[in-house]
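I have placed the structure first, in the form of structure tokens, so that the comments after it can refer back to it.
All chains are named by letter (A, B, ...) in the order of the sequence lines, taking the proteins before the strands, and each is independently numbered beginning at 1. Here the structure is a predicted model, which means the values were calculated and not measured.
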Amino acid sequence: MTSPQRPTPTPDDEAVEQEAARRSRRAFLTAGIASLAALGGWRWLVTRPTDDGALWPLRRVLDVNGKISKEFLSNADLAPVFPRSRAKAPRINGSLGLKSPLDTAAWRLQVQGMRADGPAPVRTFSLADIQALPRVEMTTELKCIEGWSVVVNWAGARFSDFVTRYQLASAADLAPYVHLVTPDQKYYVGLDMQSALHPQTLLCYEMNGQPLTLEHGAPLRLVTPLKYGIKHIKRIGSIAFTRQRPADYWAQRGYDWYSGL
Amino acid sequence: MKKLLEKHPLAIRWFHWINFPVLAIMMWSGLLIYWANDVYRIGWGDTTLLKFFPKSFYEALHVPFQLAKGMAWHFVVMWLFVLNGVAYVLYTLFSGEWRYLVPGRHALREAWQVVMHDLGIRKAPLPVRKYNAAQQLAYSAVVLMGVGSALTGFAIYKPTELAGLTTLLGGYEWARAEHFILTLGYALFFVVHVAQVIRAGWNNFRSMIAGFELVDAPTPSSKPTRP
């Protein structure tokens, strides 16, 4: 009985096989160690304490992202504007800070400016004071952080005109931040001064040709296509110019403080 | 006679295996973000053939109510995805590896032959080289998809600061849809890729870890002499 002839391995073949086994061992060992290191890195990351609802290493990177974004932001960066005919009513989303009753006639805006020697005394403004500033109308796309967007026509005063006209912050480096709070202090937003002074950032009192309704932020709200909707605070009660980065409602709940678009 | 054939350079193996968990985290965190406004579907009028995504899918993957977490991860790990991708493309360009990857003039016809072969319809053997045309098309496409994901991603991340890019891609809502479709593309690529790797066997898989393939080479005596 003869078995079918198979090529007998030559000494060369054995050497090659040994070399293959040696290289495989080394490569799989490296792969194993790298996988364990990656897994260890992941374990470390997900067990870090949180900073305002976000794992602190992630929070650090988000803040750096915000700095990079701010570094490149200029007043020449304008959000696209759309024909007035494309404007729609945005959905009613978020009633935080709007639940207490509002007497529109009695409403006043409290503003604390910043001077070289420190915070200025609080000043009070009526809606007429805001409406006395040049009226600016723009049709821009409102972007909710949830992911939907809608084109809306807004009218109001430029935030920068408000600051300049009433000399609320003598220089941006004195007060790099702005804090905006609802009258009941249940909702609050922090803004960087560059974004606040951008020509498309408005203290808004009209939407789609009508005075703001209560659920859309009457009598005065912020509108800025530089930020997600979460920063478009409705029913502003007070504004303060600050040296420290102010608290922000959603940033305390895991979202990016800067939230810039 | 056997010999070791060098197949994947060390750098490419690292880029490949770094990209795997990085892209996985991007897709997972992207899903957490998408959930908050999950409007895409396949269908027309009131008829929906496939909704992205069914409730059971979200629940199986623990997706609901994690928008903030999804955004935090997405906007951190995106840097790794971009850096690794840029390093890979630069390496491929400067090492000359791109020559194996970029489809040739007859790629479409050959790729069709490969598909017919893999489905068992065409029996003739395939040309033997590092990547056949179907692989070239698939691997080149997935690199371009990576570029597309980065561009559409930045277009929806900074639609005001990068308004030109966003407008070029058809506006904010289109860019978001494009970003989503590319992600579906990765999922599809992954399924076919893993199936093909399993089919191709151990020697091929090992080459993505250890770099070489063990091949039967003609013995020196039987080697044809070239003029």
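- With a threshold of 4.5 angstrom between heavy atoms, A20(A) approaches chain B through its backbone and through its side chain.
- In terms of heavy-atom pairs under 4.5 Å with chain B, the best-connected choice from E19(A), K143(A), E141(A), R26(A) is K143(A).
- Side-chain atoms of D51(A) never come within 3.5 Å of backbone atoms of W56(A) as a donor-acceptor pair (strictly under, hydrogens ignored).
- Looking at I33(B), the atoms closer than 4.5 Å to chain A (heavy atoms on both sides) all sit in the backbone: N, CA, C or O.
- The ring-ring contact (aromatic ring centres under 6.0 Å, His included) test with Y40(B) singles out one residue from F180(B), F52(B), F53(B), and that residue is F180(B).
- Per-residue heavy-atom pair counts under 4.5 Å with chain A were compared for G164(B), P159(B), G171(B), A210(B), and the maximum is reached by P159(B).
- Between the side chain of Q135(B) and the backbone N or O of N132(B) there is at least one donor-acceptor pair closer than 3.5 Å.
- Between Y131(B) and Y100(B), the gap from one ring centroid to the other reaches at least 6.0 Å.
- Ion pairing between E71(A) and K67(A) fails under the 4.0 Å rule for side-chain N and carboxylate O.
- The stretch residues 193-203 of chain B places W202(B) near chain A, each with some heavy atom under 4.5 Å from a heavy atom of that chain.
- Of the two parts of K158(B), the backbone and the side chain both hold a non-hydrogen atom closer than 4.5 Å to a non-hydrogen atom of chain A.
- Here S69(A) is the residue among S69(A), P225(A), A27(A), G260(A) with the most heavy-atom pairs under 4.5 Å with chain B.
- F75(B) pairs by the ring pair (Phe, Tyr, Trp, His ring centres under 6.0 Å) definition with Y157(B), not counting sequence neighbours.
- A centroid separation of 6.0 Å or more is found between the aromatic rings of W35(B) and F57(B).
- Between E146(A) and N93(A) the shortest heavy-atom distance is OE2-ND2, 3.4 Å.
- Not one N or O on the side chain of Y58(B) forms a donor-acceptor pair closer than 3.5 Å with the backbone of L32(B).
- Contacts between L4(B) and chain A at a heavy-atom distance below 4.5 Å involve backbone atoms as well as side-chain atoms.
- Residue contact with chain B, scored on non-hydrogen atoms closer than 4.5 Å, involves the side chain of Y228(A) exclusively.
- If you measure heavy-atom distances from W42(A) to chain B, the contacts under 4.5 Å come from the side chain alone.
- For L162(B), no part lies near chain A; criterion is any non-hydrogen pair under 4.5 Å.
- Within the 4.5 angstrom heavy-atom criterion, only side-chain atoms of M78(B), from C-beta onward, approach chain A.
- Residue with the most contacts toward chain B among T30(A), V64(A), L62(A): L62(A) (heavy-atom pairs, distance under 4.5 Å).
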> Could you walk me through whether Y34(B) and T183(B) pass the side chain to side chain donor-acceptor pair (under 3.5 Å) check?
Replying inline: CA-CA 11 Å; Y34(B) 171 73; T183(B) 310; over 6 Å; no
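- Neither the backbone nor the side chain of A38(A) has a heavy atom closer than 4.5 Å to any heavy atom of chain B.
- Using modelled atom types, one finds a donor on one side chain and an acceptor on the other under 3.5 Å when comparing Q252(A) with Y188(A).
- Taking the six-membered ring where the residue is Trp, F154(B) and W79(B) present tilted rings, their angle falling between 30° and 60°.
- The contact between W14(B) and chain A is made entirely by side chain atoms (from C-beta outward), counting heavy-atom distances below 4.5 Å.
- For L78(A), the part sitting under 4.5 Å from any heavy atom of chain B is the backbone (N, CA, C, O) and nothing else.
- When atom types are taken as modelled, the side chain of W148(A) and the backbone of V39(B) share no donor-acceptor pair closer than 3.5 angstrom.
- Salt-bridge annotation for R245(A) and D192(A): absent, with no side-chain N of the basic residue lying under 4.0 Å from a carboxylate O of the acidic one.
- Listed options D256(A), L226(A), V61(A) were ranked by heavy-atom pairs under 4.5 angstrom with chain B; first place goes to V61(A).
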